[in-house]
Amino acid sequence: MELEKSYDAKKFEDDIYTAWEASGAFAPEGCPCTDPDKKPFTISMPPPNATGQLHLGHATMLAIEDIMIRYHRMQGHPTLWLPGTDHAAIATQSMVERKLQVEGIEKPREELGREKLLEEIQKFIDISQNNIKTQTRKMGSSCDWTREKYTMDPDLANAVHTMFQNMLEDGLIYRGYRSINWDPKMQTTVADDEVDHVTKNATFYYFQYGPFVIGTARPETKFGDKIVVVHPDDERYKEYHGKSFEVEWINGPIQCTVIPDEVVDPEFGTGVMTITPAHSLVDFELAQKHPDKIEITQIIDFEGKMLPIAGEFEGMDIFECRKALVEKMEKKGLLVRIDKEYEHQLAVNYRGKGVIEPQVMRQWFIDVNKKVIDWKNKKQSIKEVLQDVINSEMIEIIPDRFNKTYFHWIDNLRDWCISRQIWWGHRIPMWYKLTKEQHDKYIAYPNQSSYLLDVIKVEDPGTYGLKPPAENTDTEFYIQDPDTLDTWFSSALWTFSTLGWPNHTEDFKKFHPTTVMETGYDILFFWIARMILASTYALRRDGLPEEKCIPFEKVYLHGMIRDKDGKKMSKARPETCINPLEVIEKYGTDAVRLSLIIGATPGNDMNLYEEKIAGYRNFVNKIWNSARFVLMNVENINAPLDPSTFSTADKWVLSKTNEIIREATKEIQNHQFSPAGNKIYEFLWGTCCDWYIEMSKVTKNEAVLMHVLKTVLKLLHPFTPYVTEVLWGQLKEAGCTEAKTMLITTPWPEANPEYDFSDEQEDIEKAIEVIREIRHLRSENKVDPVKKIKAVLSGGHLIDIMREKEGVILQMANLSELEIHDEPQNIEDAISSVLHGTSIDLPLADMIDPEKELSRLTKEKENLDKFIQTIEGKLSNEGFVNGAPPKVIQKQRTNLEEAKEKLQKITSLLEKIK
RNA sequence: GGGGGAUUAGCUCAGCUGGCUAGAGCGCUACAUUGACAUUGUAGAGGUCAGUGGUUCAAGUCCACUAUCUCCCACCA
């Protein structure tokens, strides 16, 4: 039975995946090599968007997590990797709205209404959700699909409602005001990260305001400005602090008050500002700081029109109003000057480019400062608990520099606004009582959003419930809050809601806290911190001990994948954009996985380009062919390892195999996947293929070949699951008893100390150097590579091993004859070199170019002289001899000895030539 | 403005807690070809480890400053 000459990934991958899944190996209870007494290893898969396309970020996440999962599964831990998808509220709704717009429905919300739009979204999700799941499988992800979850599943919705109710009862959730980004054009709120800042030239106006001159780019918001703010240390205005007096303003005199605050930059403009908290985030925050002094008055309505406070300007849009107002101020003599060269950042909605009008609206919040969590014997706030879990090392972040970022974020953490003015998502389970009049007005608006509650002046604080608290009557109507919860609210519960919470199910008890949370560093704040928040609060409330309340023990953050030039891959430049599915098709999943793992450092970005993937495809093929060689050359596939048959080379490779098992295990354990992969790569390609297999062509030990092959397949399996599983199947077909069970559930290899042969290891390594040196001398002297020549080795302690490996040396250095002498020989007309005390002479009388030999040897002598000088310098340095560890000193001594010996021989060679 | 990260061979990057005549892959040069593999093999060229100073017996590795490039957060009435 013979394998194809090269590995064709496409032929095998889908079948292998199906076989894995069907075998039940993905589930913790379905894996035969599991040891139930070992600590479970759990990863909650960060749920991709249900409407998403697999991109390189997902691919990286899946590759890293699958390595950890497969490794621990093979280690015998009960292993659970729980997959799922996220409803991604804003992204999904806007995606569907855009799609509908393309289909001719210009204002989907207004034209379709809530119910119909949600239906459309659901239809879309139904079709697209399978997409991402199929693609996740393509990456070879060994996750437990029987436990798959979706953030909109009924049981997860139940978790969301339970959480909301608990927090409401504990007074953590409250309804309050907040300055949000409002797009009057699209009638929607815009999240901070969906706001684009466009640099624009604007006109900057200076007005006389009592004794001050104030500057503004937005005069139309200034009608209600009664508060003047100056910097507390600004000498120019110190006399006015706290004063209140009347000034002439746009529509007549108003009463103004001066308050000092550090937010004012004395260098900017005139160092004086008046504030408009209703239409500026900064001003709003200032108002929050001085709630007794500053009132919030809306000037512009939700459609961008002036409200009655503007007097004669009422009903104008902002640009009309600005023009008219400036004219009026000029007439009144209050316009001081105009600066047309003012450059500022204009906030626009990145969808639709509508200019953002900050508005103050009622929203639902989570209080992060209220001390309600019973944590480590005292009541602590969310903020304090978030700090404690990292400070007390209950959760470890890898790499740890992100601790700093995390703390910085918490220090500036404000109450979390959890309501969103969109329809797709978990609807806020609060009900308000409306009068008939209010209700009539409310239902007249097609685009239902919470701002309407303010428009129709609903004062009812709302009551919690999944159903209306009472039946509607002729005069009383109940409506549910039209908004939905922030997607991160449900995602925050992901690690425990997917395990059955609020019920403490068997799975929950067994697999929570999860072991590792692996994700990109870009969502550290959005998600990681919020999971910690939700988990610690909810589970502590359930009465679990603190250490059981964290969502995960470790956070592993990977970097972003960038293109060859280190730029973000963007759809704008498709040539740099790598679609994981396309490259999987082209190079195979294993190659793609390796290219995402090797060369990546935790938390650091990595550049990816197709040549790199092609390189790993070559490696995968090398794996294939090394196995092919073994299968073609082994007759008794189950031959047991028999120490009495071990040659020095066998001992060397067994020793090296132990070494790679130890190193790979250590690196994976330390989450160093790149070095782990690299070392196995080097072991397979270098040690196994370049040397041991080559040596096996002279004399072979079948049992050792099989041992090495099986071990390396196991070590590679977490990295390249497909090709290794295919080959394992070939071993099985060839009758290998160990390969009876699939590789995915085969125990991880362990180093066997009986096969540690450090002396032999060193000997063979030196023999390798000798072969290299002969090859080097040949090629330096332009000896025809095909020509077999004679070599003489003499002197030194390597002689015995040389004799043993004579056949190998003859073959690998392409020699016709090898003479080996215990004592140094005097060979005339030869190209010569010295290695570890052994002289290497190639008698090539007719081919020698004495001048070239001379310059080569002279150069080598110079190098040696310099080297010896450095070491002698070190060794004669008292500080070094006293301070350095003995091992280091010993190494220098040996180096010196060898170098001196070599120098001596080279010198005599040189003299001979002269 | 605040905080990260990066700066090592032509390119992409390793080099963990200081002990290195500084490594890998790709690319380049020369050579080899039906025997596991051209998705290959062999040999080679190529680096004052961004700069300056400091700590140390010893610095690519630690510290300080400088320069350039990047990312995140906060953004100015």
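Below, read A as the first sequence line, B as the second, and so on, with proteins coming before strands; counting in each chain starts at 1.
Distance, A:F880 CZ to B:U56 P: 17 Å, rounded to whole Å. Rounded to an integer number of Å, the gap from CG of A:L524 to P of B:G4 is 15 Å. Put simply, CD on A:E682 is 11 Å from C1' on B:G25, counting in whole angstrom units. Protein atom OH of A:Y406 is 17 Å distant from nucleotide atom C1' of B:C73, rounded to whole Å. Following rounding to the nearest Å, A:L608 (CG) and B:U12 (C1') show an atom-to-atom distance of 10 Å. For the pair A:F402 CZ and B:G5 C1', the computed distance is 8 Å after rounding to whole Å. Here B:A36 presents its P atom at 8 Å from CD of A:E694, a figure rounded to the nearest Å. Rounded to whole Å, atom P of B:A58 lies 17 Å from atom CD1 of A:I871.
Below 30°, between 30° and 60°, or above 60°: for A:Y556 and A:H671 the angle between ring planes is between 30° and 60°, a tilted geometry. Between A:F402 and A:Y521, the angle of the ring planes stays under 30°, which puts this pair in the parallel group of the 30/60° scheme. The aromatic rings of A:W409 and A:Y406 lie tilted to each other, with the angle between the two planes from 30° to 60°.
Closest to the side chain of A:T601, out of B:U12, B:A14, B:A36, is B:A14. Minimum atom distance to the side chain of A:K697 is reached by B:A36, of the listed B:A77, B:C75, B:A36. Nearest nucleotide to the A:M273 side chain, out of B:C13, B:A36, B:A77: B:A77.
Scanning all heavy atoms of the two residues, the minimum distance from A:P785 to A:N814 falls at O-ND2, 2.7 Å.
Across B:A58 and B:C20, the matching C1' atoms stand 12 Å from one another, rounded to whole Å. As rounded to the nearest Å, B:U8 and B:A14 have P atoms that lie 10 Å from one another. B:C57 and B:G46 have their P atoms separated by 35 Å, with the value rounded to a whole Å. Here the separation of B:A9 from B:G15, taken at their C1' atoms, is 14 Å to the nearest Å.
Without hydrogens or angle criteria, A:T589 side chain to A:I584 main chain gives no donor-acceptor distance under 3.5 Å.
With RNA chain B read from its 5' end, the first of the two nearest nucleotides for A:K5 and A:G271 is the one closest to A:K5. Comparing A:F619 and A:D605 by the nucleotide of RNA chain B that holds the closest heavy atom to each, the one mapping nearer the 5' end is A:D605.
Looking at A:E780, its side chain has no donor and acceptor atom pair within 3.5 Å of the base of B:A30. With hydrogens and angles ignored, a donor-acceptor pair under 3.5 angstrom links the side chain of A:K622 to the base of B:C37.
Between A:Y681 and A:F719, the ring centre distance reaches or exceeds 6.0 Å.
A salt bridge does not link A:E769 with A:R772: every distance from a Lys NZ or Arg NE/NH1/NH2 to an Asp or Glu carboxylate oxygen is 4.0 Å or more. A salt bridge links A:K900 with A:E872: the distance from a Lys NZ or Arg NE/NH1/NH2 to an Asp or Glu carboxylate oxygen falls below 4.0 Å.
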Base-pairing string, 5' to 3', of RNA chain B - Watson-Crick or wobble, under 3.5 Å, | interstrand: (((((((..((((.....[...)))).(((((.......))))).....(((((..]....))))))))))))....

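Stacking is found between A:F867 and the pyrimidine-like six-membered ring of the B:U21 base under the 5.5 Å centre-distance and 30° plane-angle cut-offs.
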